[in-house]
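Worksheet: the structure to be examined is printed underneath.
Values below: every heavy atom of this structure, side chains too, minus hydrogens, waters and symmetry copies. Naming convention: chains lettered A, B, ... in sequence-line order (proteins, then strands); numbering from 1 in each chain. Everything numeric in this text was worked out from a predicted model, so none of it was measured.
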Protein chains: 2
Amino acid sequence: MPERKPRADAARNREAVLEAADRLIANRDRPAQVTMADIAAAAGVGKGTLFRGFGDRTGLIHALFEARLEPVRQAVTEGPHPLGPATPPRERALALLDALLCFKLDHRHLSLALEEAASDSPYGAAHYDWWHATLSGVLERLPGFTGSDFAAHALLAAVRADLVDHLAGRQQLSRERLRAQLADFAGRVLGGPAPDGATGGAVSAGGAGPH
Amino acid sequence: MPERKPRADAARNREAVLEAADRLIANRDRPAQVTMADIAAAAGVGKGTLFRGFGDRTGLIHALFEARLEPVRQAVTEGPHPLGPATPPRERALALLDALLCFKLDHRHLSLALEEAASDSPYGAAHYDWWHATLSGVLERLPGFTGSDFAAHALLAAVRADLVDHLAGRQQLSRERLRAQLADFAGRVLGGPAPDGATGGAVSAGGAGPH
DNA sequence: GCTTAAGCGGACCCTCGGTCCGTATAGTCG
DNA sequence: CGACTATACGGACCGAGGGTCCGCTTAAGC
């Protein structure tokens, strides 16, 4: 295959851009306020470099999001107990949702930016499909559970970035309270026995986790 | 109060603009493709008239949405059986969600436009607060139901325009199938007895309803 | 060191939301 | 019915921001 490895300065610049974008988005409170020119300036590169490396604004945000999400994804596909594949379905579904919620709380602005940058809504973005497939697959393994496809969509909708932002930011709902509410809600959807405690999921990298 | 009634031509133009916007949004498949200039041209007025009458793009879409939603709102606040206030909580909650889903299906592009036009996410828009307050209030009357505030948010998230659009449009899920799935999901959240049939809610105006 | 192609960057372009102000007219009063 | 004025019209204009282009720079192989 024609995979050519990029020049050293290109790689360095790519990192600088991602880092600058992350910082800018995290600091301004409306992600739309961060312009491509801002990012280029903050990273110390020209606009051309941004667009050559990422295609367009959506591509840049997407790449950044993907990079930050990677640890969580890893924890889900091959990680240890609560998130990993060995966990029994009910508990794992709750852990997945909790981890996703924590991630969105920890990367509030970035997640928000991703949703509003998505040219055609979050749906159709690769990472959404992945979450949906994963969650849906887990639900399917719950004995007697039906409609797992729609249920997965609906549960994921409950942790959408703008809703999370609205509740945590505008309405000052604390992290713990939010997690508890979500667990309560999800538990009801999954049916079966009430959980005997907090789910405690979430990966440590990037600050995600109970905090 | 200084409520002056508008000049006749102003009122006529206002209607023309709403009508043109509705038509354009419904026909193009990405609402963002419809520009303010397009709408002005289609309505046979100048851009100035648009902005004078509605403030900005968000205001225009909002006004249009509000106008189309009015019948549903009416049916909820003072209408007859399934949607009206006299209905027992569980059934009414299901009817509300079903009506909202039907509305979003019937006004897919408009709802989509509203969500992506909202300067700061759907949350914080007046109509969302109204739906949330209403649904949350209904849930509260369910005996033994807890966390109705969050549950209302989560349930409303399940019928967000872009998700509905994704399922109905991109994934070709039929109207009836979608309604059944939602009813199933919501039923699980509400707990209690399984419903004995379709909820059948939705107002007739504007084409909303079982179809 | 020399060559070369990968990479750089910022001037430039275009679209689109939003503004402004000179002109036209609906509504009113004598 | 004609004059007067507040209201509204509309399109030229503006600024911002995403995205492009091309002459210059420089890393990397020989």
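Rounded to an integer number of Å, the gap from Phe51(B) CZ to dA12(D) C1' is 14 Å. With rounding to whole Å, Arg57(B) atom CZ is found 17 Å from dT15(C) atom P. We find that CZ of Arg14(B) is positioned 12 Å from P of dA8(D), with the value rounded to whole Å. When rounded to the nearest whole Å, the span between CZ of Arg52(B) and P of dG10(D) equals 8 Å. One interatomic measurement links the two molecules: CG of Asp9(B) to P of dA24(C), which rounds to 15 Å at whole-angstrom precision. With rounding to whole Å, Met36(A) atom CE is found 21 Å from dC12(C) atom P. Between the P atom of dT20(D) and the NZ atom of Lys47(A) lies a distance of 10 Å, rounded to the nearest Å. Ile39(A) has its CD1 atom 16 Å from the P atom of dG10(C), to the nearest Å.
Ranked by how close their nearest DNA chain C nucleotide is to the 5' end, Val34(B) and Ala10(A) are led by Ala10(A). Nearer the 5' end of DNA chain D, as judged by each residue's closest nucleotide, is the contact made by Gln33(A), out of Gln33(A) and Gly48(A).
Considering only side-chain atoms of Thr49(A), the nucleotide from dG27(C), dG19(D), dG9(C) that sits closest is dG9(C).
The side chain of Thr35(A) contributes no N or O atom lying less than 4.0 Å from OP1 or OP2 of dG17(D). Considering only side-chain N and O atoms, Asn13(A) lies nowhere under 4.0 angstrom from the phosphate OP1 or OP2 of dG7(C).
Between His132(B) and Tyr128(B), the angle of the ring planes stays under 30°, which puts this pair in the parallel group of the 30/60° scheme. Below 30°, between 30° and 60°, or above 60°: for Tyr123(B) and His166(A) the angle between ring planes is below 30°, a parallel geometry.
Both tests hold for Arg188(A) against Phe145(B): distance to the six-membered ring centre under 6.0 Å, angle to the ring axis within 45°. The cationic group of Arg57(B) does not satisfy the cation-pi geometry with Phe51(B), failing either the under 6.0 Å distance to the six-membered ring centre or the 45° limit from the ring axis.
Residue contacts shown for Arg7(A) include a base, since a base heavy atom lies under 4.0 Å away.
A salt bridge does not link Arg68(A) with Asp106(A): every distance from a Lys NZ or Arg NE/NH1/NH2 to an Asp or Glu carboxylate oxygen is 4.0 Å or more.
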